[in-house]
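Reading through the structure tokens given below for one structure.
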Protein chains: 2
Amino acid sequence: MNKRAKVTKAQIIEAALAVASEKGAGKVTLDEVAKVSGFSKGGLLYHYPSKEALITAMVQQLVDDNAASRQQLMAQGDDALSAMIKSHVHLSEQVQCNTAMAILAAAAEQPGLLNPVQQACRHLLCDINAESGDNPEAMVLMLACDALWLQDMLSISPLDAEQKDQLLQYMLRRAKELMP
Amino acid sequence: MNKRAKVTKAQIIEAALAVASEKGAGKVTLDEVAKVSGFSKGGLLYHYPSKEALITAMVQQLVDDNAASRQQLMAQGDDALSAMIKSHVHLSEQVQCNTAMAILAAAAEQPGLLNPVQQACRHLLCDINAESGDNPEAMVLMLACDALWLQDMLSISPLDAEQKDQLLQYMLRRAKELMP
DNA sequence: AATAATAAACCGTCTGGTTGGTACAGTAAA
DNA sequence: TTTACTGTACCAACCAGACGGTTTATTATT
């Protein structure tokens, strides 16, 4: 694959993410993505042979980005759990919205398109369990962190920004104590 | 409203839930629900004037059921947090799958159809905060409980049944200690 | 008889996907 | 250097089917 194709594919994914976060997960259609990206529908399907392939690529990129962000924090000395919590704090609202809607779109399209996400979750859990010695509180903290953005994804979070902030700080303190 | 109408409306909701959990959130269409329920599409739209109305009713019923289940536990002396955790434990897999897919369908259809769910979450949070004296660990436990079924909803849970069971037991123990 | 409930055929729009084709860069033969 | 050829990238037009919703007609219930 040459450079031009790579750029185009990236632009298509970008457009798909934009559609998802601006118009909602249910509006991610080939027509709409084509319109927003500026390419034709035929062009889209040249690079991604089906809608499923497009959504899969979209999800995969988000998973990769997330993993990279956590690994960077861990390279700076953080434990896996703290890195997860911190990475949640630092993500821009736009990125979180993108992620949320993309995942929602994938889930609605077909259960199974989220397998890469599940795999990523599993890896994260293993790391955290290994570091904490299977401490259940560490697992609870990890789940709580997940809940924060899963709730945001569905716009059902009962917490306002300030409450969320305070809670994340508490979680980070507990994480530091648990992971020596 | 007539008794006959009530029964029909309930059957339609039931069929919609069945479609959602068996075929996936994205496949909840009027035609499909009509086929499964045994009524015609015209019949559906007589009782629920739009797809949106149908999905709204579906979500509302789940919210009501859940609230009822928790209130029953609380009437037996449980605190709000323990009731939430216990209610998660006791729900059948079928009900959880129904709930998950219905909510997913609603979210994909239109953000905002989940407002009743958000409101329910808010109430629950208020109750738990009031009972625990704003203890952050109680909030974390609540979030973890949410995460358990949000993850199931997307089939991205990294925990197997046994791990989940043990974790819920731990959470229940902590809840009992926090809520005297 | 009056009204509530259901069915069936239909409509316009949007869906994912296919088609045949164009523009163009590279390249190998003349 | 021209020519012929090849593969990549893209597009406009189109298709069959599914979609949400309407209309009209028919049957039950009261």
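These values consider heavy atoms only, across backbone and side chains, with no hydrogens, waters or symmetry-generated copies. Order of the sequence lines sets the chain letters (A, B, ...), proteins ahead of strands, with each chain counted from 1.
- Interface remark: the K51(A) side chain does not form any donor-acceptor pair with the dG17(C) base, using a distance-only criterion of under 3.5 Å.
- Put simply, CZ on F39(B) is 18 Å from P on dT27(D), counting in whole angstrom units.
- Distance check: I13(B) CD1 to Y48(B) OH gives 3.5 Å after rounding to the nearest 0.5 Å.
- For the pair L44(B) CG and dA5(C) P, the computed distance is 14 Å after rounding to whole Å.
- The nearest whole Å value for the distance from the CD1 atom in I12(B) to the P atom in dA5(C) is 11 Å.
- Distance check, rounded to the nearest 0.5 Å: CZ of F39(A) to NZ of K9(A) gives 12.5 Å.
- The nearest whole Å value for the distance from the NE2 atom in H47(B) to the C1' atom in dT6(C) is 8 Å.
- Side-chain contact check for Q119(A) and N115(A): no donor-acceptor pair (N or O, by modelled atom type) lies under 3.5 Å.
- Residue order along DNA chain C, read from the 5' end via each residue's closest nucleotide, puts G43(B) first among L45(A) and G43(B).
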List the atom pairs, donor and acceptor, that lie under 3.5 Å between side-chain atoms in residues 79-88 of chain A and the rest of the protein, sequence neighbours left out.
unit_1	atom_1	unit_2	atom_2	d
D79(A)	OD1	S82(A)	OG	2.6
D79(A)	OD2	L81(A)	N	3.1
D79(A)	OD2	S82(A)	N	2.8
D79(A)	OD2	S82(A)	OG	3.2
K86(A)	NZ	D78(A)	OD1	3.3
K86(A)	NZ	D78(A)	OD2	3.0

Let me check something: any side-chain donor-acceptor pairs from residues 64-74 of chain A under 3.5 Å, sequence neighbours excluded? List them with distances.
unit_1	atom_1	unit_2	atom_2	d
D64(A)	OD1	Q60(A)	NE2	3.0
N66(A)	OD1	R70(A)	NH1	2.5

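- Taking atom NZ on K41(A) and atom C1' on dT15(C), their separation rounds to 7 Å, with Å as the unit.
- Looking at which nucleotide of DNA chain C each of K27(A) and G42(B) is closest to, the 5′-most match is held by G42(B).
- Checking each of K41(B), K51(B), K23(B) against D31(B) for a salt bridge (Lys or Arg N to Asp or Glu O under 4.0 Å) leaves exactly one that passes, namely K41(B).
- Distance OH (Y48(B)) to P (dG20(D)): 16 Å, rounded to an integer number of Å.
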>> Pair E32(B), K27(B) - check salt bridge (charged side-chain N to carboxylate O under 4.0 Å, His left out), show working.
In response: CA-CA 8 Å; E32(B) 193 62 29; K27(B) 295 285 165 63; over 6 Å; no

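- Between the P atom of dT3(C) and the OH atom of Y46(B) lies a distance of 12 Å, rounded to the nearest Å.
- The stretch residues 29-37 of chain A comes close to DNA chain C through T29(A), L30(A), D31(A), each having a heavy atom under 4.0 Å from the strand.
- In this structure, T8(B) reaches the dT6(C) phosphate: one of its side-chain N or O atoms is under 4.0 Å from OP1 or OP2.
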